[in-house]
> 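Here it is: the structure, laid out below.
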Protein chains: 2
Amino acid sequence: MTDTRAEPDTRAEDEPRLRIGEMAKETGLTSRTLRYWEEIGLLRPVAHRGSGERLYSLAERERVVHIRELQDLLGLTLAEIHDVLASEDTLERVRRATRASAPTPKRLGLLEDAIAANETLVQRINERLERIGEFRDQCLARGDRMRARRVDLEAEIADQRPRPRPKGRPG
Amino acid sequence: MTDTRAEPDTRAEDEPRLRIGEMAKETGLTSRTLRYWEEIGLLRPVAHRGSGERLYSLAERERVVHIRELQDLLGLTLAEIHDVLASEDTLERVRRATRASAPTPKRLGLLEDAIAANETLVQRINERLERIGEFRDQCLARGDRMRARRVDLEAEIADQRPRPRPKGRPG
DNA sequence: ATTACCGTTGACGTGAACGGAAACCAATCT
DNA sequence: AGATTGGTTTCCGTTCACGTCAACGGTAAT
């Protein structure tokens, strides 16, 4: 019981909100990491329901996943990630601030900034894909050389093996 | 003069050998990094000509580039890289040790180990390529959504713009 | 011979990205 | 009521991958 539901806390959109432990499990991170990311300004949970308990929205969870990918797949530092998400953030902030207010004459500019940022990101990704592709080709080439060397070795061994039995066996 | 050439030092294959500074410049690393990598067992320069001066072969330079790619493109730690290069290393060591000696019956095994290691590496690379590809697709989708939103916004603005000037000025 | 340059070996410092423990709330289970 | 669970802040510790500095040595040119 103790129906603590329906608290209009910061904003009462009925999105399910995650506690930090749930968030951690769903994203595969630790609570510590989530707090740290918040500390350096990468995350902004609804924070502090009643006591000081953080609550995360689904958007926040998406964001966490996004950050993780920028970190793991592109090898960006958290500072770089901060920059990458900057335009996206201002866009979101303005979007919330002007909820059905102005005709949004400059929101368009923000949006275009975000679009541009996204495109440079895609470009970085493409470069990386290319470089990794080249690297893979090199590895494949190495593999081919080694396999060629292997058949040579096998042949040499086969040539030398019959010595204890020089009469040759056709089968 | 002081023709210090032709010193049969460790082995006198006439490969050009690089000093640590040259190596650093060619690979874009620092001397410190090269020493550090040696310290943790990733590199093994011919070392110590006369005094304690390191000299690197071309093979070593290739190796450095390889390590850099494993580090940057795949995000492996130096410890992981150490593991990845392990089979390759033993192969090389055995290859040097048995220079035209045995018919190499078990060298084949080493070679096959190296081939296997290379294949798992290629697999890791492929997985990564796939994940990055998915990530890129997500980013592209985001971009599409934002662009769609943009045309909406432009339409809204165009609808609302005429209000301050209802009389319409064609010029 | 002096200077300049490049190298060497320690040893300690550093920034990034957290880990972990202490001391303390708040809700929940038994 | 007491214990458990899961959250909070604060602060210090840690790992990785080097950076940096001191003290020193060999080689080459001036």
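This is a predicted model, so every value here is computed, not measured. Throughout, a chain's letter reflects where its sequence line sits, starting with A, and its residues are numbered from 1. No hydrogens, no waters, no symmetry mates; every other heavy atom, side chains included, goes into these values.
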> B:Ile67 CD1 to D:dA17 C1': how many Å, rounded?
13 Å
> Examine the base of C:dG20 for any acceptor or donor lying under 3.5 Å from a partner atom in the side chain of A:Arg32, and report the outcome as yes or no.
yes
> Please assess A:Thr33 against A:Thr30 for the test side-chain hydrogen bond (donor to acceptor under 3.5 Å, both in side chains), listing each intermediate value before the final yes or no.
CA-CA 5 Å; A:Thr33 297; A:Thr30 68; 3.0 Å; yes
> Within the 4.0 Å heavy-atom criterion, would you say B:Thr77 contacts the bases, only the backbone, or no part of the nucleic acid?
sugar-phosphate
> Take the protein atom CZ of B:Arg35 and the nucleotide atom C1' of D:dT20, then report the distance between them rounded to whole Å.
12 Å
> When you check the phosphate oxygens OP1 and OP2 of D:dT9, does a side-chain N or O of A:Arg54 lie under 4.0 Å from one of them?
yes
> Rounded off to whole Å, could you give me the CD-to-P distance for the B:Glu22 and C:dC6 pair?
10 Å
> Mark yes when over 12 heavy atoms from residues, nucleotides or ligands other than A:His82 sit less than 6.0 Å from its NE2; otherwise mark no.
no
> With respect to the side chain of A:Ile20, which nucleotide from C:dT8, D:dG7, D:dC18 is positioned closest?
D:dG7
> Could you state the CG-C1' distance from A:Leu55 to D:dT8, rounded to the nearest angstrom?
13 Å
> Would you say A:Thr33 places a side-chain N or O within less than 4.0 Å of OP1 or OP2 belonging to C:dA17?
no
> Counting any heavy atom closer than 4.0 Å, what does A:Glu39 reach on the DNA or RNA strands: base, sugar-phosphate only, or nothing?
nothing
> In whole angstrom, what separates A:Ile81's CD1 from C:dA16's P?
13 Å
> Any sub-3.5 Å donor-acceptor pair from A:Glu60's side-chain atoms to A:Leu43's backbone N or O?
no
> Looking only at non-hydrogen atoms, find the nearest pair between B:Asn118 and A:Met146 and report the distance.
CB-CE, 3.6 Å
> At under 4.0 Å between heavy atoms, what does A:Ile40 touch on the DNA or RNA strands: base, sugar-phosphate, or nothing?
nothing
> Send over the distance from A:Leu34 CG to D:dT9 P, rounded to a whole Å.
13 Å
> What is the distance, rounded to the nearest whole Å, between atom OH of B:Tyr56 and atom C1' of C:dT8?
12 Å
> Across the strands shown, which category fits B:Ser31 at heavy-atom distances under 4.0 angstrom: base, sugar-phosphate, nothing?
nothing
> Given C:dT8, D:dA17, D:dG7, identify the nucleotide with an atom nearest to the side chain of A:Arg19.
D:dG7
> Please confirm whether the shortest side-chain N or O distance from A:Thr30 to OP1 or OP2 of C:dG19 is below 4.0 Å.
yes
> Are the charged groups of B:Arg95 and B:Glu88 less than 4.0 angstrom apart, N to O?
no
> Counting heavy atoms from C-beta on, name the nucleotide in C:dG7, D:dA17, C:dA17 closest to the side chain of B:Tyr36.
D:dA17
> Among C:dT8, C:dA17, D:dG6, which nucleotide has an atom closest to any side-chain atom of A:Leu78?
C:dA17
> Using whole Å, what does the distance between atom P of nucleotide D:dC18 and atom CD of B:Glu38 come to?
15 Å
